Amino acid sequence: MQIKRLRLTGFKSFVEPTELRIEPGLTGVVGPNGCGKSNLLEAIRWVMGESSPKSMRGGGMEDVIFAGTASRPPRDFAEVAIHCDTGGAVVAGLSDAADGHELEVIRRIERGAGSAYRANGRDVRAKDVALIFADAATGAHSPALVSQGKIANVIAAKPTDRRAMLEEAAGIAGLHVRRKDAEQKLRATETNLTRLSEIVADMEVRANALRRQARAAEKYQRLSEEIRVAEARLIYARWRDAAAAADQARRDADAAEAAVKAAQDELETVSNAQTKVAARVADA
């Protein structure tokens, strides 16, 4: 991967859109102190995914936005775009044949809104951008990006730091990034499995309790049905006894009514006989 252009807008001292072209061969940037030479290197590191404000010589990441001067107002955003030639290779799944050899990575930060990345017009994550440049044996923390005062650190580097330089030169830094990402995913998966086991055990306890409740509910329904049938039988028996008693009462009432009628007929017969006797005595 070869960097071809660097475009800055509102980044530190580059308030106006500025483009730096890097042609084949040796490119040098010269100028007096304070003209922004270090800002160019920091812009490259920033668009490659640098997340430490201290490394950007600021107290916060929003300090990379042009803060304004006595004659110029501050900007609300900063944007850095880096154009690279991929040599036709597909980069971390973010470029394809339609993109040709070009890869454009843009990082934009707005005040109070954080930063966002785009690669060839697609929204991507900071991790994706870091993987792009790690596969290309570079990145925000690459030993190839030597800031002012860092030469002595490279010379006095510890064996582990030298190993990192050699691994990056060999082009296997991206494999380490992927391994670290895979290890993190594996640990997260193990944590999820442990949590899943706890949830399954808890669900088993709840299932056992629900089984007991279900058996109690079934028993309740069965007993309720038996009670309903018994109550129905009891009501039927009471109705049957009441119907029999009503029939008996009606028969007794009919018998009493017949006896009363017979007594009335007998009384009427006696009364008629007395009337006849009284009539005969009066005639005599």
Side-chain angles (χ1 to χ4, degrees), residues 1-86 102-121 124 126 128-130 132-134 136-157 161 165 168 173:
M1 179 184 293
Q2 181 180 356
I3 299 175
K4 298 177 63 177
R5 296 195 311 275
L6 182 68
R7 189 176 69 251
L8 306 91
T9 304
F11 183 87
K12 290 198 170 184
S13 59
F14 296 91
V15 56
E16 298 296 340
T18 304
E19 183 175 285
L20 173 66
R21 290 183 176 271
I22 303 176
E23 302 294 344
L26 182 63
T27 299
V29 179
V30 297
N33 292 337
C35 69
K37 299 187 300 297
S38 298
N39 290 343
L40 290 175
L41 180 60
E42 290 177 358
I44 294 175
R45 296 177 58 191
W46 188 70
V47 74
M48 287 182 175
E50 178 60 67
S51 59
S52 173
K54 184 177 179 180
S55 299
M56 305 300 296
R57 298 181 299 170
M61 193 53 70
E62 291 186 359
D63 290 344
V64 302
I65 305 175
F66 178 70
T69 63
S71 59
R72 308 198 68 167
R75 298 294 296 269
D76 293 329
F77 73 93
E79 182 178 286
V80 176
I82 187 170
H83 297 257
C84 305
D85 186 351
T86 66
E102 293 291 329
L103 174 65
E104 180 189 51
V105 178
I106 301 175
R107 183 177 182 181
R108 179 187 177 97
I109 184 172
E110 298 182 7
R111 295 189 187 277
S115 59
Y117 295 85
R118 291 180 68 83
N120 282 358
V124 294
D128 298 326
V129 172
I132 289 175
F133 294 108
T138 184
H141 302 97
S142 170
L145 300 178
V146 182
S147 303
Q148 185 176 3
K150 298 296 184 180
I151 299 297
N153 294 338
V154 174
I155 296 174
D161 298 329
M165 296 179 192
E168 181 172 324

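This chain uses plain numbering: 1 for the first residue, then up along the sequence. Keep in mind that what you see is a predicted model, and the values were worked out from it rather than measured.
Here the shortest heavy-atom pairing between Met56 and Glu50 reads SD-CG, 3.6 Å. Residues Ser13 and Gly36 come closest through the heavy atom pair OG-CA, 4.0 Å. In plain terms, the two heavy atoms of Asp85 and Lys4 that are nearest each other are CB-CD, 3.7 Å. When all heavy atoms are compared, the tightest approach of Val64 to Ala78 is O-CB, 4.1 Å. Closest non-hydrogen pair, Glu104 versus Ala81, comes out as OE2-CB, 4.5 Å. Across every non-hydrogen atom of Asn39 and Phe11, the tightest pair is O-CE2, 3.5 Å.
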**OP:** Give the intermediate values and the outcome of side chain to side chain contact (heavy atoms under 4.5 Å, CB included) for residues Arg108 and Arg118.
**Re:** CA-CA 9 Å; Arg108 179 187 177 97; Arg118 291 180 68 83; over 6 Å; no
Subject >> From CA spacing to verdict: side chain to side chain contact (heavy atoms under 4.5 Å, CB included), Glu79, Arg7 >> reply: CA-CA 8 Å; Glu79 182 178 286; Arg7 189 176 69 251; 4.1 Å; yes
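In this structure a side-chain-to-backbone donor-acceptor pair under 3.5 Å is present from Lys37 to Gly31. Between the side chain of Glu102 and the backbone N or O of His83 there is no donor-acceptor pair closer than 3.5 Å.
Using a 4.5 Å heavy-atom cutoff, the side chains of Leu40 and Leu8 are in contact. When side chains are defined from C-beta on, Val105 counts as touching Leu103, because their heavy atoms get closer than 4.5 Å.
Not counting sequence neighbours, the partners of Arg75 by the side-chain contact (heavy atoms from CB on, under 4.5 Å) test are Thr9, Val15, Ile65, Phe66, Phe77.
Here the straight-line distance linking atom CG of Asp76 with atom CD1 of Ile109 works out to 12.0 Å at 0.5 Å rounding. Here the CG atom belonging to Leu41 is positioned 14.5 Å from the CH2 atom belonging to Trp46, to the nearest 0.5 angstrom.
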For residues 17-28, which side-chain donor-acceptor pairs fall under 3.5 Å, sequence neighbours excluded?
{"from": "Thr18", "atom 1": "OG1", "to": "Glu16", "atom 2": "O", "distance (Å)": "2.9"}
{"from": "Glu19", "atom 1": "OE2", "to": "Arg21", "atom 2": "NE", "distance (Å)": "3.2"}
{"from": "Glu19", "atom 1": "OE2", "to": "Arg21", "atom 2": "NH2", "distance (Å)": "3.2"}

